[in-house]
Every structure is written in C-alpha cells, then in structure tokens.
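Predicted model only: the values in this text are computed from it and were never measured.
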Amino acid sequence: MLGPRVWSSVRQGLSRALSSTVGGWASGEGRKVDISGIYPPVTTPFTATAEVDYGKLEENLHKLGTFPFRGFVVQGSNGEFPFLTSSERLEVVSRVRQALPRDKLLLAGSGCESTQATVEMTVSMAQVGADAAMVVTPCYYHGRMNSAALIHHYTKVADLSPIPVVLYSVPANTGLDLPVDAVVTLSQHPNIVGIKDSGGDVTRIGLIVHKTRRQDFQVLAGSAGFLLASYAVGAVGGVCALANVLGAQVCQLERLCLTGQWEDAQKLQHRLIEPNTAVTRRFGIPGLKKTMDWFGYYGGPCRSPLQELSAAQEEALRLDFTINGWL
C-alpha cells in the first residue's frame, strides 16, 4: 500500500495533470501528446571523485541545444540511473528542466523495480519538471514478468501518473522484451502515449505500429543504428545515444526520412551504423563518454563498477568513427 505522503503527492500531481491537459498537453480533442522527433539520452557527468557534476551537465545541454531536437531523455540507461540515488535522479532532472527552453520536451526515466516505487518516482519526476515519464520494464524477477504482470504494473503507474507515460523496452540491459500483446493492450490506456523500443528488431517495431494503428500511440526507435528502418515501418522518432556526439547528423537522417529522400538517407544511415554500435552495444556508456570528450562535450568518467576503456578499446572506438568520416 502507498503511504499517506505518497497518496497526497499523487492526488496533487493528478490535479496538476488535469489542468495541464486542458491547457495544452492534448494536441486535440481526445488526442495524446505528440512525442515525435529525435531525443539524445543525456549522460550524467561525474567528477573525478564520482560526484554528479551539474556544471558540466549544463554545459553539455547548452551545446546540445543548438540542434533541432524535439527534447531530451534524462535518467535513461545512458544516464547511469541505476547508479544514482533517488535524490540524485530527481536533482538531475530538475537541473535539466531549468536549463531547457520550455518548448523542448523532457522525458524522465522513472522506472523502479516495484510498482509502488515507480509510482512515487514518477510523481516526483513530474514535480521537478518532467513532461513525460519513460518507464523501463521491471526485470529483477524477469521469470515472473509475463504480460499479465507487466500490464498490471504499467496500468497502475499510468493511472496514477500526473504526466504521460512512455513504455521503455531495452532487452540488452533487462533481459526482457515487453511483449507485443502487452504493448497493444497498454496502447489503449489514455495516459500511455508510446514506447521506446531499443531491441533493434524492426519487424517487431513494424508489428507494434500495425497493431496499435487504431490508437493514438507512437513508437520511438531506441537507437540510431536502425533509425531509417524504423521510420520506414512507421516509427515517429528516436532516442539515440549517438545524438550526444553526432546530433546534426542524426537530425539530418530524420529530415531525409520524413521528406522521402530515401537514397540519401540510406547513405547516411550506413555511415552511422558502426559508430552507433561502438557507443552502444560494443563499448557502452564508457565508449559514449569517451567519444563525447573527442567531440567537444564533457564525457568524463562513469560511476563504478563501469570502467574506462583500455587503450586497445579506445583505438577500436576511434577507428569506427574515422573510417566513416566523422573524426
């Protein structure tokens, strides 16, 4: 059971959400908020002593703000959210909101392992300025996380969330794909606006688009490596780690897809595949942060137990960018 303090926060948040929807969240009668576009998943900068470096965070946001992103994802996987305390997660979101123009959407990762904790974190994220909550699948007891359990979880969170909810499936980190049948069921919830799918299975993305076509439900690709293919089957945008270093190029790929310039889009997509793989599946967040250092942002160290790249790994990372003409 949620305690009185949490229920009080929930009620306050729901009241704000109602007025927010009336005042501009809905894009029309009965429609959900539009989340289409490109989002960089913001990294969390740390000092040499592993403290959150809010000054560097603001500097990175200022530089990223020069690109035509729809908004920013904060406290997603690339934000190292499992390594932050609850108060740090909220403070990071609060600082990002203060630094962003109001026309930029802020999607905040609010997922926790329990439904109760996720509700509380989602309400808190709304209170510090998040426009929508991106909720990762609970996965510790993944053997029991079937469709019924996940539908129950997300329904409760969406029922009590004062802001719209985006489902988040990232099997590389959780070992768990949010089942398509569960996504289809959840797409009917009035406060669930879409999904970020990071699995890389384009047939699955196309199937989700197809099966939710009668709902006001939007699909975001979870990586730049399959962005073109995702647009081709009906995705409306992407949350792309690579946008933290090649923001202009990822936004250009979006424009080429949306304007039907498929030949040019294909050429650009090909040049982004290896760099994207390098900063995601191959070298992960340490690789992304190292690349940010090369491109004029602050990457810096990760929090332990994530380790810095070896010299050989760094050389391989650099090669993936140089052979494609980015360094």
Side-chain angles (χ1 to χ4, degrees), residues 34-43 60 63-73 76-78 170 172 194-210 218-285 287-297 299 309 313-327:
D34 180 9
I35 58 170
S36 61
I38 300 298
Y39 302 77
V42 177
T43 59
N60 284 344
K63 293 175 182 177
L64 291 168
T66 62
F67 302 112
F69 296 129
R70 180 70 176 90
F72 296 82
V73 167
S77 300
N78 284 283
V170 55
I195 183 172
K196 175 197 173 189
D197 195 306
S198 298
D201 183 345
V202 176
T203 60
R204 169 186 156 90
I205 290 174
L207 186 60
I208 290 172
V209 171
H210 176 61
Q218 301 152 86
V219 179
L220 298 174
S223 185
F226 49 90
L227 188 60
L228 181 154
S230 297
Y231 272 116
V233 297
V236 300
V239 180
C240 306
L242 191 62
N244 283 291
V245 290
L246 295 179
Q249 291 80 4
V250 176
C251 289
Q252 181 185 4
L253 180 56
E254 176 200 26
R255 288 193 299 274
L256 292 172
C257 291
L258 292 178
T259 55
Q261 300 179 66
W262 295 108
E263 185 175 347
D264 289 340
Q266 183 188 77
K267 291 176 182 177
L268 179 55
Q269 177 69 90
H270 286 165
R271 294 176 61 209
L272 296 178
I273 291 174
E274 286 177 307
N276 180 77
T277 300
V279 300
T280 56
R281 296 194 179 209
R282 191 175 184 193
F283 299 118
I285 301 169
L288 176 59
K289 285 190 165 182
K290 176 57 66 174
T291 311
M292 288 175 68
D293 289 332
W294 295 340
F295 279 83
Y297 302 93
L309 302 184
Q313 289 172 328
E314 186 174 328
E315 183 178 351
L317 173 66
R318 184 179 288 274
L319 182 62
D320 282 334
F321 278 81
T322 55
I323 63 174
N324 288 285
W326 304 123
L327 278 174

Could you check if a side-chain atom of V279 sits within less than 4.5 angstrom of a side-chain atom of L317, using non-hydrogen atoms only? yes

For S77, which residues count as a side-chain hydrogen bond (donor to acceptor under 3.5 Å, both in side chains) partner, sequence neighbours excluded? Y168, N173

Which atoms form the tightest heavy-atom contact between V239 and P41, and what is the distance? CG1-CB, 4.0 Å

Verdict with reasoning, S223 to N276, per side chain to side chain donor-acceptor pair (under 3.5 Å): CA-CA 8 Å; S223 185; N276 180 77; 2.8 Å; yes

Under the salt bridge (charged side-chain N to carboxylate O under 4.0 Å, His left out) definition, can you give me all pairs with a residue in residues 247-263, not counting sequence neighbours? E263-K267

Test item: L268 and L272 side chains (from C-beta on) under 4.5 Å apart, heavy atoms: yes

Note: L64 and A243 closest approach over all heavy atoms is CD2-O, 3.9 Å

Quick one: CD on Q252 to CD on Q261, what's the gap to the nearest 0.5 Å? 9.0 Å

Would you tabulate the side-chain donor-acceptor contacts of residues 197-207 under 3.5 Å, counting partners in other chains and residues two or more places apart, or write 'none'?
from : atom 1 : to   : atom 2 : distance (Å)
D197 : OD1    : G199 : N      : 3.1
D197 : OD2    : R204 : NE     : 2.6
D197 : OD2    : R204 : NH2    : 3.1
D201 : OD1    : T203 : N      : 3.1
D201 : OD1    : T203 : OG1    : 2.4
D201 : OD1    : R204 : N      : 3.2
R204 : NH1    : L178 : O      : 2.9
R204 : NH2    : L178 : O      : 2.7

Taking all atoms of both residues into account, what is the closest heavy-atom pair of L288 and A241, and its distance? CD1-O, 3.6 Å

Extract all donor-acceptor atom pairs below 3.5 Å that involve side chains of residues 320-327 and protein atoms in other chains or at least two apart in sequence.
from : atom 1 : to   : atom 2 : distance (Å)
D320 : OD2    : R282 : NH1    : 2.7
T322 : OG1    : R318 : O      : 3.2
T322 : OG1    : L319 : O      : 3.1
N324 : ND2    : E274 : OE1    : 3.1
N324 : ND2    : D320 : O      : 2.8
W326 : NE1    : R271 : O      : 2.9

Are the side chain of R70 and the backbone of D34 linked by a donor-acceptor contact shorter than 3.5 Å? yes

Pair Q269, L253 - check side-chain contact (heavy atoms from CB on, under 4.5 Å), show working. CA-CA 7 Å; Q269 177 69 90; L253 180 56; 3.6 Å; yes

Non-neighbouring partners of N60 that pass side-chain hydrogen bond (donor to acceptor under 3.5 Å, both in side chains), sequence neighbours left out: none

Of all residues at least two apart in sequence or in a different chain, which pass the side-chain contact (heavy atoms from CB on, under 4.5 Å) check with E314? K290, W294

Taking ring-ring contact (aromatic ring centres under 6.0 Å, His included) as the test, write out the residues that go with F72, two or more places apart. F69

Contacts of D293 meeting side-chain contact (heavy atoms from CB on, under 4.5 Å) (sequence neighbours excluded), chain-then-number -> none

Donor-acceptor list for residues 224-233 side chains, cut-off 3.5 Å, not counting sequence neighbours:
from : atom 1 : to   : atom 2 : distance (Å)
S230 : OG     : F226 : O      : 2.7

Please enumerate all residues that pass side-chain hydrogen bond (donor to acceptor under 3.5 Å, both in side chains) together with Q266, with sequence neighbours excluded. none

Could you check whether any side-chain heavy atom of L242 comes within less than 4.5 Å of a side-chain heavy atom of P275, counting everything from C-beta outward? yes

K63 to T66 - nearest heavy-atom pair and separation: O-OG1, 2.8 Å

Heavy-atom pair with the smallest gap, counting every atom of L220 and G238: CD2-N, 3.9 Å

What verdict does the side-chain contact (heavy atoms from CB on, under 4.5 Å) test give for F295 and L246, after you've listed the backbone C-alpha separation in whole Å, the side-chain angles of each residue and the deciding distance to 0.1 Å? CA-CA 8 Å; F295 279 83; L246 295 179; 3.7 Å; yes

